[in-house]
Amino acid sequence: MLEFCQWLDQTSVGAAIRQSLWLFPAIETVHLLGMAALVGTITVLDLRLLGWAMPRQRVSQVAARLLPWAWLGFGVQVVTGVLLFSSEAVKIYGNPALCAGIQALIFQIVVHRKLPAWDERPSLPVVAKVMGMISILLWVAIVTAGRFIGFI
């Protein structure tokens, strides 16, 4: 992996972003807007899964309204994240963002299809609450880790 990061660091795209006065901050601004969309919508859904927000709303309806915005934010994150990563690949190749991506994938594969069945239950199952809490903790860790990139 380190060899790939070294190669990526040396590409013309990585060098251009790293050497430009305005390109890195512009991409980072779009990256932060994507993060706000992604983390904000996912946090609202996680709070619903935990039963701490919108208890009268069906989980499937909350997910249906929020997940398209989360996927849009995720797409922005991927594109801008790859660009930013290419400019500092060797420096930040150990970033934990992959953990949240894996958790989101598990949620989509395992949990998302069960949401309509949960709508009829008086309280959500433990797996929903665990996934919500794990998600919140992972996103807090990722935002924190991302914030520290500038200081390492």
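Every heavy atom of this structure was used, including side-chain atoms; hydrogens, water molecules and symmetry mates were not. All residue numbers in this chain count up from 1 along the given sequence.
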(request) Indicate if Leu67 and Leu47 have the same hydrophobic cluster label, given that clusters are the connected sets of ILVMFWY residues with side-chain heavy-atom separations under 4.5 angstrom. (result) no

Please list, one pair per line, the donor and acceptor atoms closer than 3.5 Å that link side chains of residues 82-89 to other protein atoms, with sequence neighbours excluded.
from	atom 1	to	atom 2	distance (Å)
Ser86	OG	Leu83	O	2.7
Ser87	OG	Leu84	O	2.7

(request) Please identify each residue that fulfils ring pair (Phe, Tyr, Trp, His ring centres under 6.0 Å) with Trp52, with sequence neighbours left out. (result) none

(request) Nearest 0.5 Å please: distance from the CD1 atom of Ile142 over to the CG atom of Leu137. (result) 11.0 Å

(message) Suppose clustering is done on Ile, Leu, Val, Met, Phe, Trp and Tyr with side-chain heavy atoms closer than 4.5 Å. Which residues sit in the same group as Leu21?
(response) none

(request) Answer yes or no: is there a donor N or O on one side and an acceptor on the other, between the side chain of Ser20 and the main chain of Ile17, under 3.5 Å? (result) no

(message) Let me confirm one number: the CH2-CD1 distance from Trp139 to Ile42, rounded to the nearest 0.5 Å.
(response) 7.5 Å

(request) Can you measure from CE (Met131) to CG (Leu45) and round to the nearest 0.5 angstrom? (result) 10.5 Å

(request) Is it possible for you to say whether Trp69 and Val44 belong to one hydrophobic cluster, with membership spreading through side-chain heavy-atom contacts below 4.5 Å? (result) no

(message) Please tell me whether Trp7 and Val13 are part of a single hydrophobic cluster in this structure, the criterion being side-chain heavy atoms less than 4.5 Å apart.
(response) no

(request) Can you sort out the partners of Arg58 under salt bridge (Lys or Arg N to Asp or Glu O under 4.0 Å), two or more places apart, ordered by chain and number? (result) Asp119, Glu120

(request) Only pairs at least two apart or in different chains count here, so list each salt bridge (charged side-chain N to carboxylate O under 4.0 Å, His left out) that has a residue in residues 14-25. (result) Asp9-Arg18

(request) May I ask you to test the Leu50-Ile136 pair for a side-chain heavy-atom distance under 4.5 Å? (result) yes

(request) Any chance you could measure Lys129, atom NZ, to Asp46, atom CG, to the nearest 0.5 Å? (result) 13.5 Å

(message) Holding to side chain to side chain contact (heavy atoms under 4.5 Å, CB included), I want the full list of residues that pass it with Pro125, two or more places apart in sequence or in another chain.
(response) Trp118, Arg121, Val127, Ala128

(message) For Gln57, give me all partners under side chain to side chain contact (heavy atoms under 4.5 Å, CB included), at least two apart in sequence or on another chain.
(response) Met54, Gln61, Val62, Arg65

(message) My understanding is that only residues two or more places apart in sequence, or in another chain, count here; which of them pass side chain to side chain contact (heavy atoms under 4.5 Å, CB included) with Thr144?
(response) Val140, Phe148

Only distances under 3.5 Å count here; give the side-chain donor-acceptor pairs of residues 27-38 to other protein atoms, sequence neighbours excluded, each with its distance to 0.1 Å.
from	atom 1	to	atom 2	distance (Å)
Thr29	OG1	Pro25	O	2.8
His31	ND1	Thr80	OG1	2.7

(request) State which residues pass ring pair (Phe, Tyr, Trp, His ring centres under 6.0 Å) with Trp71; sequence neighbours excluded, sorted by chain then number. (result) Phe74

